[in-house]
Asker: 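Below you will find the structure I want to go over with you.
Just so you know, these numbers come straight off a predicted model, no measurement behind them. Numbers here simply count residues along the sequence, with the first being 1.
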Amino acid sequence: MSAGVEINRAMTAREWLLLLALSFLWGLTFFFVAIAVREVPPITLVVLRVSGAAIVMLIVLRVIGLRLPAERGAWLTFAGFALFNNVFPFALINWGQTHIASG
């Protein structure tokens, strides 16, 4: 066990609030995707969603004064993480929302 970290404790009001906010935002995302896939193909929606997030992240990096690494290995790692943690899961979720009823 890490020093100073208590595992078995009650959640604070702030932690409950953060959990509720996260649940609301996560659920809202699925709601809007369900609406969007009626008009936009699932892969197009994924490209828009991931590209938008990338643009926001680049702006945040620029504002806080950080730069992306220039090494090829870092970019290969980024590409792998992007595919397996964003593109594939979002594409499958979006495709599933067009073929499987949520109820």
Asker: If Ile, Leu, Val, Met, Phe, Trp and Tyr residues are connected whenever their side-chain heavy atoms lie under 4.5 Å apart, and connections chain through other members, are Ile93 and Trp26 in the same group?
Answerer: yes
Asker: Give, for atom CD of Glu71 and atom OG1 of Thr77, the distance between the pair rounded to the nearest 0.5 Å.
Answerer: 10.0 Å
Asker: Is the backbone N or O of Val47 less than 3.5 Å from a side-chain atom of Ser51, with the two atoms forming a donor-acceptor pair by type?
Answerer: yes
Asker: Should we say atom CZ of Phe78 is surrounded by more than 12 heavy atoms from elsewhere, each under 6.0 Å from it?
Answerer: yes
Asker: Are Met57 and Arg62 close enough, and set up right, to give a side chain to side chain contact (heavy atoms under 4.5 Å, CB included), and what steps lead you there?
Answerer: CA-CA 9 Å; Met57 286 177 47; Arg62 184 74 59 151; over 6 Å; no
Asker: Rounded to the nearest 0.5 Å, what separates atom CZ in Phe81 from atom CG in Asn86?
Answerer: 11.0 Å
Asker: Where do Leu58 and Leu68 come nearest, in terms of heavy atoms and distance?
Answerer: CD2-CD1, 3.3 Å
Asker: Please report the shortest heavy-atom distance between Gln97 and Phe30, naming the atom on each side.
Answerer: NE2-O, 3.1 Å
Asker: As an exercise, state the distance from CZ of Phe90 to CD1 of Ile43, rounded to the nearest 0.5 Å.
Answerer: 12.5 Å
Asker: Can you check whether Trp95's main-chain N or O pairs, donor with acceptor, with Thr98's side chain at less than 3.5 Å?
Answerer: yes
Asker: Could you state the interatomic distance from CD (Glu39) to OG1 (Thr44), rounded to the nearest 0.5 Å?
Answerer: 12.5 Å
Asker: Take Leu61 and Arg67, measure what side chain to side chain contact (heavy atoms under 4.5 Å, CB included) needs, and give me the verdict at the end.
Answerer: CA-CA 6 Å; Leu61 281 175; Arg67 295 174 45 145; over 6 Å; no
Asker: Output, in order, the C-alpha distance, side-chain angles, deciding distance and verdict of side chain to side chain contact (heavy atoms under 4.5 Å, CB included) for Val46 and Arg49.
Answerer: CA-CA 5 Å; Val46 170; Arg49 187 174 175 185; 5.7 Å; no
Asker: What's the separation between atom CZ in Phe32 and atom CG in Leu45, rounded to the nearest 0.5 Å?
Answerer: 12.5 Å
Asker: Between CG of Leu20 and CG of Leu25, what distance do you get to the nearest 0.5 Å?
Answerer: 11.0 Å
Asker: What's the shortest heavy-atom distance between Pro42 and Asn94, and which atoms?
Answerer: O-ND2, 3.5 Å
Asker: Do Leu28 and Ile35 belong to the same hydrophobic cluster, where Ile, Leu, Val, Met, Phe, Trp and Tyr are linked whenever their side-chain heavy atoms lie under 4.5 Å apart, directly or via other members?
Answerer: yes
